[in-house]
Amino acid sequence: MDIKEEKNKYRKQVKEAKQKYSLIEKKELSELIWEKVEKENWFINSKTILAYWSMEDEVHTHDFILKWYKEKTFLLPCVEGDILKLRLFEGIESMKEGEAFSILEPVGKEFVDYESIDLMIIPGIAFDKENNRLGRGKGFYDRLLSVSNSIKVGVCFEFQFFEKIPAEEFDVKMNYIVK
Ligand code: ADP
Ligand code: MG
């Protein structure tokens, strides 16, 4: 099996595992993840944070972002072609549906001061003990993260965490995984 097929095998496996949980269960599990995140110095000390506005099958971020965005600067990704642009989160009223995945994205000025980002909270389909990350297969985050020196934290449910997942040379590793 080549590495692309092997990655797809994990994507399929996680998709099946996710179907065993209701949205409410996933929200409850997500709360436990954010409780852990909030205790970490890399979160406490961070001022500017890239997060993501979750889809139904991901670790739920909405409540976490709404809780913190007045104290810290939160950025969210916006899909434009095959890249992720970043914009400041200024409240749900200032979001509209983006061009992909029908996720809400902030409107307003693009954020380009990448060096000022202290922390990046990254979704993924699967992660492993060596801090590898597997995404949906478009490489969006690999392209974004390859130019960043921020602390990168992957968040996932237990069933998305593996001993070892396939990784290629362009796959950017996380610094920490919280599950
Ligand atoms: P994902 O990270 O979403 O799981 P992959 O790691 O399989 O997806 O990457 C998908 C594709 O994205 C790769 O086949 C590669 O062509 C492209 N890609 C990944 N990283 C980069 C990068 N830094 N620059 C340009 N293209 C990239
Ligand atoms: Mg990748």
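What you see is a predicted model, and the numbers here were worked out from it, not measured in a lab. This chain uses plain numbering: 1 for the first residue, then up along the sequence. For ligands, and for the atoms within them, numbers begin at 1 and follow the listed sequence.
Sparse packing is recorded around CD1 of Ile24, with 12 or fewer heavy atoms of other residues, nucleotides or ligands lying under 6.0 Å away.
Protein heavy atom at the shortest distance from atom 13 (C) of ligand 1 is Phe170 CZ, 3.5 Å. When only non-hydrogen protein atoms are considered, atom 6 (O) of ligand 1 lies nearest to Asp171 OD1, 2.8 Å. Of the protein's non-hydrogen atoms, the one nearest atom 2 (O) of ligand 1 is Asp142 OD2, 2.8 Å.
If you check each of Arg143, Glu168, Glu169 against atom 25 (C) of ligand 1, the one with the closest non-hydrogen atom is Arg143. Summarising the contacts of atom 11 (C) of ligand 1 with Lys7, Arg133, Lys138, Arg11, the nearest heavy atom is found in Lys138.
In this structure, Phe127 has its ring center at least 6.0 angstrom away from the ring center of Phe161.
Applying the side chain to side chain contact (heavy atoms under 4.5 Å, CB included) test to Ile83 and every residue at least two apart in sequence or in another chain returns Lys85. Looking at residues two or more places apart in sequence or on another chain, you find a side chain to side chain contact (heavy atoms under 4.5 Å, CB included) between Glu5 and Met1, Asp2. Every side chain to side chain contact (heavy atoms under 4.5 Å, CB included) that Lys7 has, sequence neighbours left out, goes to Arg11, Leu134, Pro166, Glu168, Phe170, Asp171.
Using a 4.0 Å cut-off between charged side-chain N and carboxylate O, Glu58 and Arg136 make a salt bridge. Glu80 and Arg87 are joined by a salt bridge, as a carboxylate oxygen and a charged side-chain nitrogen come within less than 4.0 angstrom of each other. A salt bridge is absent between Glu35 and Lys39; no separation between the charged side-chain nitrogens and carboxylate oxygens falls under 4.0 Å.
Formation of a donor-acceptor pair under 3.5 Å by the Ser22 side chain with backbone atoms of Glu25 is found in this model.
At a 3.5 angstrom cut-off on N or O pairs, Gly137 counts as close to ligand 1. Backbone and side-chain nitrogen or oxygen atoms of Gly135 are examined, and one is located within less than 3.5 angstrom of a nitrogen or oxygen of ligand 1.
Excluding waters, the set of protein N/O/S atoms under 2.8 Å from the Mg ion (ligand 2) reads Asp142 OD2, Asp171 OD1.
Residue Lys4 touches ligand 1 through its side chain alone, judged by heavy-atom distances below 4.0 Å.
Between the side chains of Asn41 and Asn45, no donor-acceptor pair is found at a separation under 3.5 Å.
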